[in-house]
S.K.: 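Right, I'll just put the structure down here and ask away after.
Within every chain, numbering begins at 1; the chains are lettered A, B, ... in the order of the sequence lines, protein sequences first and strands thereafter. Given the structure is predicted, the values throughout are model-derived calculations rather than measurements.
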Amino acid sequence: MNTAATNDFARASSLAHRAGHICRWTRTLIPTLREAPSDATVPSHQLMLRAGLMRQVAAGVYDYLPLGWRSITKVANIVREEMDAAGSAEIFLPVLVPMELYAGTKRDEAYGDLLFQLEDRHGRRAALGPTHEETITELCKSAITSYKQFPLTLYQIQTKFRDEFRPRAGLLRGREFLMKDAYSFHLVQEGEGGLDETYDRLHAAYTSMFIRCGLDFTIVEAESGPIGGSASHEFMVNAETGEDTILICEKSGYAANVEKCEIGERPWKFTPHAQQLTDHHTPGMPGIDKVVEHLGIQASGMLKSVVFSNTEAGNRKWIVAVVRGDHDVNEAKVRDAVGFAVQLADEKEAKQAGFAIGYVSPRVVATIANTTLLIDPDAATGLATGVWATGADTKDHHVTGFDWARDLGSPLPVDQVATDAGRGCSVRVVGVRNAEPGDPSPKAAGSRLVARRGIEVAHIFKLGTKYSDAFDFAMMDKAQQRQPVTMGCYGIGVSRTVAAAIEQNHDDAGIRWPMAIAPYHVLIVLMKPDDADHAAHAERIAAELSEAGIDVLIDDRAERPGVKFKDADLIGLPIRLTLGAKSLEEGAVEFKLRSDDSKGDLVPIAEVVARCVSEVERGLAAKA
RNA sequence: CGGGGUGUAGCGCAGCUUGGUAGCGCGUCUCGUUCGGGACGAGAAGGUCGGAGGUUCAAAUCCUCUCACCCCGACCA
């Protein structure tokens, strides 16, 4: 941890500068449910509904009720404090993004249906912002006039809209969600004031934020996706229910998401064999699964050939990536192997060029010009015998008994590359598949990758000049040379972070809030709210706690004890003070931590505030 | 969008096969008795059975269409 972050703990742990909020249960809205609505399947979703944090309005759209909103606000404030401390300034951009802004970046196409689009009364089209690279680049292009204003980092905390194909799991994937997005601007990538410096600072700030939120998380290397750019990290909250799989090397500490994860050295060789090449009629079986079943073989004994093409128009090039049938091709690795952008080939175009899509084999490299064949090492070696099944390059046919050296019809690389310059073809052995658990670690010899599940709560990117190029955003540098502006962007799913925190901190009875993002720190359970003396004690304790900066919820409902205790566990505030006749007669209240399963202990009234203060401070300072 | 599933009172569900008075538990309201881990008794309110059309003397139930929501797949904070 760097020193800046450490100082922030100290600042955050000091409660003296703010008065806590006091709220009475009967004066707010906490509609707890005894049973979870049947729509909810994951713990955080169920608990957020049961504990009265939110209600569903439509798929992926929620009302945030007082408790839920308070927690979201707490996360947002932690984010705000850390961003401010990292030298970033808060702004607020419009939700509405005119479609013209996308003209330069073509992201309306990249996002496709993910964009919520609308039309105003004059027929002008706009989108509800899914993020704001375009808006902010346009803003800064006009508002920043000199490189001397760099580096500059701006952020906002705002509702984002994404028309997800499939919203799910409550706040873990909504269509409308709260996000913090930040953008940094630089003239250079390296050195003082460069992108790298800001990226590292925000990387540290993010680490600090999630530690303060009390989360157990892993930082992984990531692909940058449609937002574009070079370096990229994701912050993953470790949770078995997470949607994302990450791979880690326990020995070196290397961690990456599946799309990005590198694989260590894999030795390979082509093994000749004597089995005959045999054609099989496999009608209507373009997929591996059905062929494997039909032929009675293992997926790992098949070669999967996926056709890509270059993205720029004209001068069409074909790339056929071959992986073992049980592996998945990784587009980014294909791109890196050939050195230019690629996309999955358009089916119609590919068929015109002669590819029997669904039944392609590596042999197309011998028949179709301008084809680069990329063979994954595991697709070269094979499991044991070197015998492969693959497509027959004819619709509805596959072959078995494929032998690389004998049947390819084109020279195979002995070392790495074999070229056939005359036809524009080449054959290379290069890693082009997704990493899997059990693969060798890229960072530590002998160590293997293991899989973990996680929830992506933040993602940071070095964008480079992608957006500044699109918007022609450039600056004169000191040498009076016009330079494109280099950018970074940094996102956090604020509402998702709350859901992830619950996913990670709950038990059968309910939520167990981390101190820093609990809606209230302390719940005072008033056993006899009608008793004026008891109520007065509660009010006095609450007032003192508030003075100490602690947020207090008083359960003043005329409910039976069982109901109150069940609800207390359900809403999961970290500290529970119970004021009942027995303890008060002894001049004490019952002090219990939500994280502690015992009955709690009696604390003299005079000492209870100090006990709470020390407990809250301990909770706020806790490391993940 | 492909596959699977569900829509009946605020929440959880039964009823549908075999058409005929819309039910149960929890919650809510009133009164009483209770009062340290989701009390008990008595009474009450609350439902266009997702919507539209059709079949029928009669539809929650059968048929057609439609909408919404959930789950599994591809993308993402």
S.K.: Can you give me the N/O atom pairs linking the protein to nucleotides 26-31 of chain B at distances under 3.5 Å, or say none if there are none?
M.R.:
{"unit_1": "C26(B)", "atom_1": "O2'", "unit_2": "Arg34(A)", "atom_2": "NE", "d": "3.4"}

S.K.: Below 4.0 angstrom, N of the basic side chain to O of the carboxylate: do Arg557(A) and Asp567(A) qualify?
M.R.: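 Looking at Asp567(A) together with Arg557(A), the answer is yes, because their closest N to O distance falls below 4.0 Å.
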S.K.: Nearest-Å distance, CG (Asp508(A)) to C1' (G38(B))?
M.R.: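 It works out to 16 Å between those atoms.
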S.K.: What's the CD-C1' distance between Gln46(A) and C71(B), to the nearest Å?
M.R.: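 It works out to 13 Å between those atoms.
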S.K.: If A77(B) has a Watson-Crick or G-U wobble mate with both distances under 3.5 Å, name it; if not, just say none.
M.R.: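 Across any shown strand, A77(B) pairs with none.
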S.K.: Both distances below 3.5 Å, Watson-Crick or wobble geometry, any strand: find the nucleotide opposite C40(B).
M.R.: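 C40(B) is paired, partner G32(B).
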S.K.: Under 4.0 Å between a side-chain nitrogen and a carboxylate oxygen: does that hold for Asp533(A) and Lys528(A)?
M.R.: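 Between Lys528(A) and Asp533(A) there is no salt bridge, as every charged N stays at least 4.0 Å from the carboxylate O atoms.
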S.K.: May I have the distance from Tyr206(A) (atom OH) to A77(B) (atom P), rounded to whole angstrom?
M.R.: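 Between P of A77(B) and OH of Tyr206(A): 11 Å.
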S.K.: Tell me, please, which residues at least two apart from Glu590(A) pass salt bridge (Lys or Arg N to Asp or Glu O under 4.0 Å).
M.R.: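 Salt bridge (Lys or Arg N to Asp or Glu O under 4.0 Å) check on Glu590(A) returns Arg576(A).
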S.K.: Identify, with sequence neighbours excluded, every residue that meets ring-ring contact (aromatic ring centres under 6.0 Å, His included) alongside Tyr490(A).
M.R.: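 Scan of Tyr490(A) (ring-ring contact (aromatic ring centres under 6.0 Å, His included), adjacent residues dropped) gives none.
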S.K.: Closer than 3.5 angstrom, by distance alone: can the side chain of Lys74(A) be matched with the main-chain N or O of Ala518(A) as a donor-acceptor pair?
M.R.: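 Flag set: sc Lys74(A) to bb Ala518(A) pair under 3.5 Å.
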S.K.: Can you tell me if the side-chain N/O atoms of Gln56(A) get under 4.0 Å from OP1 or OP2 in A68(B)?
M.R.: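 For Gln56(A), the contact criterion (side-chain N or O under 4.0 Å from OP1 or OP2 of A68(B)) is not met.
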